Q: 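Dropping a structure here in structure tokens format, bear with me for questions.
In what follows, chains are A, B, ... by sequence order, proteins preceding strands, each numbered from 1. Since the model is a prediction, treat every value here as computed from it, not as a measurement.
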Amino acid sequence: MSTAAPPGTAGARAFVDTELIPHADAFDRDEAIPEWLLGSVAEHGWWGAVRTGSMVEFAALHEEIGRGCSSLRSLLTVHSMALYAVDRWGADALRERWLEPLTAGTALGAFCLTESAAGSDFTAVEASARPAPGGGWLLDGHKKWVTGGERAEVFLVFARTGRGVSAFLVEAGAPGVSRTPVRGLLGTRAALTAEVRFEGARLPAAALLGAEGMGTAIATGVLDIGRHSVAAGSTGIIAAALEGSVRHAAGRRQGGALLGEHQLIQRLITRMAVDLRAARALCRDAGALKDAGDPATLMATCAAKYFASTAAMRAATDAVQIHGAVGCSDGHPANRLFRDAKIMEIIEGSSQIQEILIAQHALTAAGAGRPRTPEGGAS
Amino acid sequence: MSDQTGRTIRDFVLSRFPGVELDDDVDIFTLGFVNSLFAMELVMFLEKEFGLRIPNEEMSLDNFRTVSAMSALVGRLRTPDAASVGEA
């Protein structure tokens, strides 16, 4: 059984092996992805993958990056969500200003939805925007746990307006916008997470994405992209857990035999190896449906995210188990994978939200039920 | 064309919610069908099935409330293409 990368990612695989994995634990310790790495990703053209290649390739790339460092992959996730929103729903002026720099990665984007009282139920957002005298908008709100928020040039922000929830692209440097780094998170510690405050931030009219009140639809669309990325990144965590576990089991002797010769260890490795294949297949399926414009991709992506993230948690747990005390140690990759994997079960729609959506879909497809969570189930 | 358009749309909705009685003028949002994922599925379905791109100004819930409204939306968005084909 091999952890060989998906087709078409040979360049990414070499980059991850030489530029990412050797430093990932230091990034985690320092709680920051360094600028040189952000620049390397730009040089490879990977920031724009959501609009420059197929979604099958997008997932393959995000799996590879996730194999090396979930914090960097998380930055790619939220950036891709912002870029996708600008490309899909931005007015001409907004596209002209931001599409090129976001695609090139000379400007980075982040996703501002979560608040103290609004997470999975994004219809509960309290941030608000009101028409400004003379045109444009005035934005107030406090967004929490914004991945990449410490570094991004633009924020994709969801706020209540007169016609419901609306989406805006907000420049981080605009007057009235401030951010505070968040330290000490359980996982994805290097993802430059921040709290972002908007206090009477004045936005131009073109900052509005789509039509006023279209925020729920836009959130659903970008969360689909985010889930696809998280599913792929989780698959990368499984690959990393498997690689590390196999290496350790092949080199350490216990009870007169190599760890890998113990059948109970073989069972753990088997689960990882099979989960890797299954998660990768689900991601490829969801990506192919996206590339075909097939609406079935939405549920396929929920399934991929649900499976891959829960399997990543299992794999990371078992990787720590196989490594024993050393895997529990500060600075060990298994320790980092374990903490990062937990985040994957929570972000872009928790496992419980996915269970609601997937079960509702199955029930209604059988004529046995109807959705009962009109909006909140999708975040 | 609109009869066929309506039938295609109705078949899609019924494929997702089998056994439901669906009149072309029934507001599907009042039947408990629509969560945000299904609304996005509708958008993707219309775009793929009819080769359209639904512009921002047409992304109003009212355009997706009924089979008739969606048929009318498809008809509106197809008109420019039909005109350009006719001129060619």
Q: Could you report the tightest heavy-atom contact between B/P18 and A/A365, atom names first, then the distance?
A: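 Taking every non-hydrogen atom into account, CG-O, 3.1 Å.
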
Q: Does A/D291 have any salt bridge (Lys or Arg N to Asp or Glu O under 4.0 Å) partners at least two apart in sequence or in another chain, and if so, which?
A: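 Expected list: none.
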
Q: When you measure from the side chain of B/K48 to the backbone of A/A292, do you find a donor-acceptor pair of N or O atoms at a distance under 3.5 Å?
A: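 Yes, B/K48 side chain to A/A292 backbone: donor-acceptor pair under 3.5 Å.
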
Q: Going by side-chain hydrogen bond (donor to acceptor under 3.5 Å, both in side chains), name the residues that satisfy it together with B/R16, two or more places apart in sequence or in a different chain.
A: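 For B/R16 the side-chain hydrogen bond (donor to acceptor under 3.5 Å, both in side chains) partners, ignoring immediate neighbours, are A/H361, B/E41.
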
Q: Counting only N and O atoms by type, is there a donor-acceptor contact under 3.5 Å from the side chain of B/N56 to the main-chain atoms of A/W89?
A: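 Yes, B/N56 side chain to A/W89 backbone: donor-acceptor pair under 3.5 Å.
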
Q: Should we count CD of A/E96 as having more than 12 external heavy atoms under 6.0 Å?
A: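 At most 12 heavy atoms, drawn from other residues, nucleotides or ligands, come within 6.0 Å of this atom.
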
Q: Is it the side chain or the backbone of A/R163 that comes within 4.5 Å of chain B heavy atoms, both, or neither?
A: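 Interface part for A/R163: neither.
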
Q: Check each of A/L223, A/L298, A/T301 against B/L37 using the side-chain contact (heavy atoms from CB on, under 4.5 Å) test, and report the only one that passes.
A: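 Exactly one option meets the side-chain contact (heavy atoms from CB on, under 4.5 Å) with B/L37, and it is A/L298.
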
Q: So how far is it from A/E212 CD to B/S60 OG, rounded to the nearest 0.5 Å?
A: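 So the gap between those two atoms works out to 12.0 Å.
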
Q: Nearest 0.5 Å, what's the OG-CG distance between B/S36 and A/D224?
A: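 The distance works out to 11.0 Å.
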
Q: Report which part of B/I54 has an atom under 4.5 Å of a heavy atom belonging to chain A: side chain, backbone, both, or neither.
A: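 When you check distances to chain A, only backbone atoms of B/I54 fall under 4.5 Å.
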
Q: Can you see which heavy atom on A/T297 is nearest to which on B/M44, and at what distance?
A: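 Closest approach of A/T297 to B/M44: CG2-CE, 3.6 Å.
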
Q: Taking every heavy-atom pair that is under 4.5 Å apart, which of B/E49, B/M40, B/E57 has the most such pairs with chain A?
A: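 Highest number of heavy-atom pairs under 4.5 Å: B/M40.
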
